[in-house]
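Encoded as structure tokens, the structure appears first; notes follow it.
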Number of protein chains: 2
Amino acid sequence: MATIQDVAKAAGVSPMTVSHVINDHPHVRKSTREKVLLAMAKLDYRVNVAARNLRKGRTGTIGLAVPEVNRPYYGQLAALIIAATEKYGIRVSIEQTGASRENELDALSLSRNRLYDGLILSTVGMGPKDVERLKVDYPVVILGERIFDGPVDHVAMPNVDGSRAATRHLIDRGCRRIAMLSGQVGDEVDVSSLRRSGYRLALESAGIPYDPALVHELGSSTMRAGAERIRAMRDGGADFDGVFCVTDTVAVGVLRGLADLGIRVPDEVKVIGFDNVEEGEFLVPSLSTIDPDHVMMATRAVDLLVRRIEGSTSVDGHEEFVSHFSLVARESTGG
Amino acid sequence: MATIQDVAKAAGVSPMTVSHVINDHPHVRKSTREKVLLAMAKLDYRVNVAARNLRKGRTGTIGLAVPEVNRPYYGQLAALIIAATEKYGIRVSIEQTGASRENELDALSLSRNRLYDGLILSTVGMGPKDVERLKVDYPVVILGERIFDGPVDHVAMPNVDGSRAATRHLIDRGCRRIAMLSGQVGDEVDVSSLRRSGYRLALESAGIPYDPALVHELGSSTMRAGAERIRAMRDGGADFDGVFCVTDTVAVGVLRGLADLGIRVPDEVKVIGFDNVEEGEFLVPSLSTIDPDHVMMATRAVDLLVRRIEGSTSVDGHEEFVSHFSLVARESTGG
DNA sequence: TTGTATGCGTTATCAG
DNA sequence: CTGATAACGCATACAA
């Protein structure tokens with residue numbers, strides 16, 4: 001493979017001049033530039049990114065650590081983040097953490113090998129106790145709920161307000177016994193806890209008593225868990241006329257479970273989710289949900305990270321960004 | 001940031017000894033090793049991957065070019081491919097091509113900048129005419145349908161046989177007027193053409209005449225397109241009792257469209273898709289489909305690529321791998 | 001078992 | 001406007 005040296009020789013100039021041409025430096029005479037470009041074409045020259053990285057101390061790649069690219073919400077996020085990096089000419093390398101605290105911490109230290117110029121980290125396993133570990137000397141943006149007031153920039157979802165709006169919507173549609181299916185609840189600042197808070201706030205505002213028997217914690221936020229749990233609840237004699245699901249994924253399972261029970265949605269029970277995944281619009285019945293503006297979250301995360309990368313350590317403090325949301329009313333709550 | 005030199009100084013040895021320790025070379029006395037490890041820990045030493053890459057001529061990263069990580073089938077594939085690279089200690093960087101020929105060719109030449117050790121490329125936009133462009137001097141594995149007998153390794157889906165089995169299944173369940181919704185049909189070797197072939201073969205075997213009026217080409221293989229087209233077909237007076245959809249994504253839309261028309265599935269019309277995406281099991285009705293063994297495809301693609309990377313150019317010829325499939329019968333075809 | 005010399009390909013700096 | 005020099009951090013080959 002041709003190197004800058006080869007091109008220089010072929011063009012009858014010094015390697016430095018070739019470098020100038022490659023990097024679009026001004027002060028290069030037109031005729032020289034053309035000579036060089038010709039030689040480059042003839043030799044099919046390609047820059048060696050590894051060498052450039054070594055010299056510049058940058059890799060041009062950022063890491064994105066998510067539980068799994070194939071999970072509905074994270075897949076969408078990954079797609080948007082990759083799209084958002086394009087305008088900066090940055091590439092994205094994906095690490096799958098499986099939502100485990102261990103792997104999230106690993107991703108954090110992998111980046112320290114100067115593999116990436118920065119890291120966007122979805123914290124699902126890590127909790128507030130791990131805040132100390134975030135004190136690293138390279139750019140990090142946290143995407144998720146479990147770390148607040150950490151030492152780094154943070155992009156979060158409108159969990160409490162969104163959930164409150166979702167629950168409120170069920171109440172407006174006439175529901176009085178509203179079940180909530182959450183994922184695992186931990187230390188007060190995970191997604192499920194936050195969304196439960198919104199749920200409670202909405203009930204309180206409406207003067208509806210909170211009934212612990214209607215609030216269930218799933219082992220995992222999957223379709224299967226949603227389907228199984230809703231059937232078990234009804235089999236156990238639970239009485240509800242509305243269900244707020246912690247994610248659309250769970251809601252898909254709940255719709256399935258209710259169908260198995262022969263319960264009509266929305267006539268007998270109304271259902272709402274959170275995330276606005278693409279298929280919600282096409283389910284039967286179509287799924288009402290909260291749309292947390294993924295595009296904005298992705299864009300913001302990338303912009304924050306790039307700002308840190310460019311400005312190195314010069315940006316003081318850290319930023320907390322919570323995206324806006326909108327309620328999407330579809331058939332599962334009566335349209 | 002500490003370098004090998006710093007560690008060497010701190011440990012009172014030469015830089016080379018540190019390197020030996022880092023790379024687990026034998027012939028290092030235990031006591032020396034420990035001295036070095038101690039110094040590394042004290043200085044919080046991290047290898048500089050860029051430097052190592054330059055020296056070794058490898059980057060430890062492969063590229064994965066897919067239309068979009070968020071599309072059902074490709075997201076799943078990406079997740080599996082990333083998982084499959086883990087055992088090799090390789091990272092995956094994702095390029096989104098948007099299914100455009102241009103961007104696919106770009107991905108191909110980007111890799112030539114020695115950014116990646118190899119590339120897994122989903123060809124959707126590129127066609128047989130671009131085969132020449134695949135003659136590159138670094139490892140490439142094609143994942144997709146449109147390139148056959150190219151100069152590189154190729155992992156493909158069982159499109160014809162799978163589609164044939166899907167159509168055959170509808171026939172077995174009593175369908176006689178079977179519609180087919182495909183994506184864009186191009187040059188005989190794209191997914192849609194291949195799946196159409198399977199469809200025709202099944203009809204022929206069963207002695208059912210091929211009716212062009214029942215075969216429709218969608219502008220894009222989306223849920224929306226599926227829903228709209230099936231409604232338009234029925235509005236136009238089309239008469240069918242079964243639908244074979246080119247992908248599960250389209251099938252989800254079709255189920256929705258049929259619901260809009262008040263047509264009962266599977267009683268009046270039976271529906272089957274292709275891909276076995278996760279949500280199929282939880283739809284109402286649950287979706288019958290062809291499962292092309294994604295895990296095997298991902299594993300195979302990674303293994304083939306790694307073989308090329310390790311063996312450099314030493315592997316002769318190229319391999320064509322077509323995965324096996326299984327039929328998943330669910331409610332949409334009568335269980 | 002450990003150390004020395006050298007170069008991977010590029011670019012920053014500064015001189016011409 | 002162009003070029004000489006040096007250095008980024010590491011690992012191969014070989015010598016001691």
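Proteins come first, then strands; the chains are lettered A, B, ... in the order of their sequence lines, and each starts at number 1.
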request  = Could you please spell out the steps behind the side chain to side chain donor-acceptor pair (under 3.5 Å) verdict for A:Tyr88 and A:Glu310?
outcome  = CA-CA 11 Å; A:Tyr88 294 113; A:Glu310 311 271 79; over 6 Å; no
query = Counting only N and O atoms by type, is there a donor-acceptor contact under 3.5 Å from the side chain of B:Thr85 to the main-chain atoms of B:Arg91?
reply = no
Whether A:Ser122 side chain and A:Gly144 backbone form a donor-acceptor pair below 3.5 Å = no
message = Can you see if the side chain of A:Thr32 gets near the phosphate of D:dT2 - specifically, an N or O under 4.0 Å from OP1 or OP2?
response = yes
task = Using a 4.0 Å heavy-atom cut-off, write out nucleotides 6-16 of chain C from 5' to 3' as B (base contacted by protein), S (sugar-phosphate only) or - (no contact).
result = -BBBBBB----
request  = For A:Glu104 and A:Val124, indicate whether the former's side chain and the latter's backbone hold a donor-acceptor pair under 3.5 Å.
outcome  = yes
key: Carboxylate-amine/guanidinium proximity below 4.0 Å for B:Arg307 and B:Glu319   = yes
request  = With side chain to side chain donor-acceptor pair (under 3.5 Å) as the test, would you mind laying out the steps for B:Thr59 and B:Asn53 before giving the verdict?
outcome  = CA-CA 5 Å; B:Thr59 67; B:Asn53 288 345; 5.5 Å; no
task = Take atom CZ of B:Arg58 and atom C1' of D:dC10, then tell me their distance rounded to the nearest Å.
result = 16 Å
message = With a cut-off of less than 4.0 Å, is there a side-chain N or O of A:Thr17 near OP1 or OP2 of D:dG3?
response = yes
task = Would you mind reading off the distance between B:Lys9 atom NZ and C:dG3 atom P, rounded to a whole angstrom?
result = 14 Å
request  = Using atom CG of B:Asp6 as one end and atom P of D:dG9 as the other, report the distance to the nearest whole Å.
outcome  = 9 Å
